[in-house]
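Below is one structure, written out as structure tokens; the observations come after it.
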Amino acid sequence: MWNLTWKNLRANLTRLVSTAVAVITGTAFVACGLVLTGAIANAVAGNTEQQYAAVDAAATPSYDQGPTDLQGVDAALLAPLAELPEVAGAAGELVASARILDDDGDPVRSQMLGRAWITDEELNPFTVIEGHPPRADGEIAVDRETAADHSLEIGESVDLATPSGRVTAVVVGVTEFGRSPSVDGGGTVFFAPGTALEVLGAGSQQYSQILLRTNGSVTALIDAVRPQIPANNVVLSGETFMERATADTQAFVNFLRPVLLGFAFLALFVAGFVIYNTFTVVVTQRSRELALVRSIGGTPAQVRRSLLGEGLLLGFGASVVGLGVGVALSMRLQWILEQLDVG
């Protein structure tokens, strides 16, 4: 009966194409949805872990006491915190929109972000691969992808759109983030810490948070830092800080996953009707053939096993193809997102 099953599949292959296409389509949508959401979640977790691997504690705004006028951490706290015996290194982190402009005044990358250069080598996850980091006003460094795609060279002067308005700066360095061009999908431009406070912070003199590392106990570090910060700030352990850093994006992933999979399972649900109807029609068309099998001694159970075997082989083969198509489709969509600067 297995020989009969295999020969029937080969003989009726053209009639089963629509069934196979339905299986491939449904499986591909599900696989694509799973791969995309998995890629987003893994990228966020991996980038955050790499970015803050050396952070033992962080002073951040406290959002538990209701709205306050203080939206960040006072930059004046950085120096006294760095002088504490329990602190081996400290740096202020500041991130805001900052886009390099072309000759027509249009952004070369729509999702580009500006960052304050972290001067502590162990806390800084970025590497300068050409030139040097920004050290003074009017100096910037850019990620290698932006530099390569837009032919930016060391010593070139560029205009930027920033929260404090349009500024002009000179490219002094090219950076990368591990093996990736940047931690930001739309590219990164770095400023010297003092410049970043004026340009990215629009003169607020506040960091988003102050990152700290220690050579001793993390508990002792937190206990030493806590009395030094105001009531509307809080000091978090590195682990808790990383969890908060990924919380917003993880919430987006948790929202995106059921949306993508909802469309995928809807496609699979519709495909199920097509699969069932098509296979039923194919079997009905072969009633004379099945009657012949019965007339030469085939039992009803053998005929059913033959048909179920055809369904199993067809479903398995088409599902494998659908899995490959789904993975390829997700990779293509990721490539398209990268071209739109939202990789």
Side-chain angles (χ1 to χ4, degrees), residues 32 34-56 58 89 91 93-100 108-135 139-154 156 158 171-192 196 208-209 211 213 238-239 241-250 252-253 256 327-343:
C32 182
L34 287 171
V35 171
L36 276 179
T37 54
I40 294 171
N42 290 338
V44 170
N47 284 350
T48 302
E49 183 176 348
Q50 182 180 353
Q51 186 177 357
Y52 301 116
V55 176
D56 295 314
E93 183 178 50
L94 181 58
V95 183
S97 175
R99 293 171 289 180
I100 296 176
V108 298
R109 301 189 71 173
S110 60
Q111 303 294 324
M112 200 168 198
L113 291 178
R115 290 178 177 269
W117 182 256
I118 297 176
T119 54
D120 186 90
E121 292 186 2
E122 292 191 34
L123 289 173
N124 191 351
F126 305 99
T127 305
V128 177
I129 59 174
E130 185 180 352
H132 62 81
R135 298 170 181 149
E139 293 184 347
I140 61 169
V142 297
D143 66 278
R144 60 175 166 86
E145 183 178 36
T146 300
D149 291 349
H150 302 282
S151 303
L152 298 177
E153 298 180 353
I154 301 297
E156 183 175 349
V158 296
V171 178
V172 296
V174 177
T175 67
E176 64 182 5
F177 175 70
R179 292 181 296 176
S180 304
S182 174
V183 70
D184 305 308
T188 310
V189 54
F190 294 95
F191 298 85
S208 303
Q209 50 260 334
L211 311 177
R213 63 178 178 87
E239 183 179 353
F241 173 69
M242 278 198 285
E243 290 176 357
R244 289 198 177 188
T246 60
D248 291 342
T249 309
Q250 190 59 48
F252 172 71
V253 173
L256 185 63
V327 172
L329 179 60
S330 70
M331 294 175 66
R332 184 63 176 176
L333 287 175
Q334 291 181 59
W335 179 85
I336 292 174
L337 291 173
E338 288 175 359
Q339 303 310 303
L340 299 174
D341 272 343
V342 288

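One distance of note links CD of Glu153 with OG of Ser151; it measures 7.5 Å at 0.5 Å rounding. Distance CG/Leu333 to CG/Leu36: 5.5 Å, rounded to 0.5 Å. Separation of atoms CD (Glu122) and CG (Asp56) is listed at 9.5 Å; rounding is to 0.5 Å. Here SG of Cys32 is found 8.5 Å from CD of Gln334. Values are rounded to the nearest 0.5 Å.
Within the 4.5 Å cutoff, the side chain of Thr119 has no heavy atoms near those of the Asn124 side chain. Contact annotation: the side chain of Val158 approaches that of Leu152 to within less than 4.5 Å [non-hydrogen atoms, C-beta and beyond]. Using a 4.5 Å heavy-atom cutoff, the side chains of Met112 and Val189 are in contact. Two residues are said to be in side-chain contact when any heavy atoms from C-beta on lie closer than 4.5 Å; Phe191 and Leu94 fail this criterion. Contact annotation: the side chain of Val174 approaches that of Ile154 to within less than 4.5 Å [non-hydrogen atoms, C-beta and beyond]. For the pair Leu211 and Ile118, the minimum side-chain heavy-atom distance is below 4.5 Å.
Applying the side-chain hydrogen bond (donor to acceptor under 3.5 Å, both in side chains) rule to pairs touching residues 178-191 yields Arg115-Asp184, Ser182-Thr188, Asp184-Thr188, sequence neighbours excluded.
In this structure, Trp117 and Phe190 have perpendicular ring planes: the angle between them is above 60°, well past the 30° mark.
Ion pairing between Glu145 and Arg109 holds under the 4.0 Å rule for side-chain N and carboxylate O.
For Asp120, the side chain to side chain donor-acceptor pair (under 3.5 Å) partners two or more places apart in sequence, or in a different chain, are Arg213. For the side chain to side chain donor-acceptor pair (under 3.5 Å) test, residues two or more places apart in sequence or in another chain that qualify with Asp143 are Thr146. With sequence neighbours excluded, the residues forming a ring pair (Phe, Tyr, Trp, His ring centres under 6.0 Å) with Tyr52 are Phe241, listed by chain and number. Under the side chain to side chain donor-acceptor pair (under 3.5 Å) criterion, Arg144 pairs with Glu176, sequence neighbours left out. With sequence neighbours excluded, no residue forms a salt bridge (Lys or Arg N to Asp or Glu O under 4.0 Å) with Glu139.
Within a 6.0 Å sphere centred on CD of Glu156, heavy atoms belonging to other residues, nucleotides or ligands number more than 12.
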Please lay out, stage by stage, how Thr127 and Thr175 fare under the test side-chain contact (heavy atoms from CB on, under 4.5 Å).
CA-CA 5 Å; Thr127 305; Thr175 67; over 6 Å; no

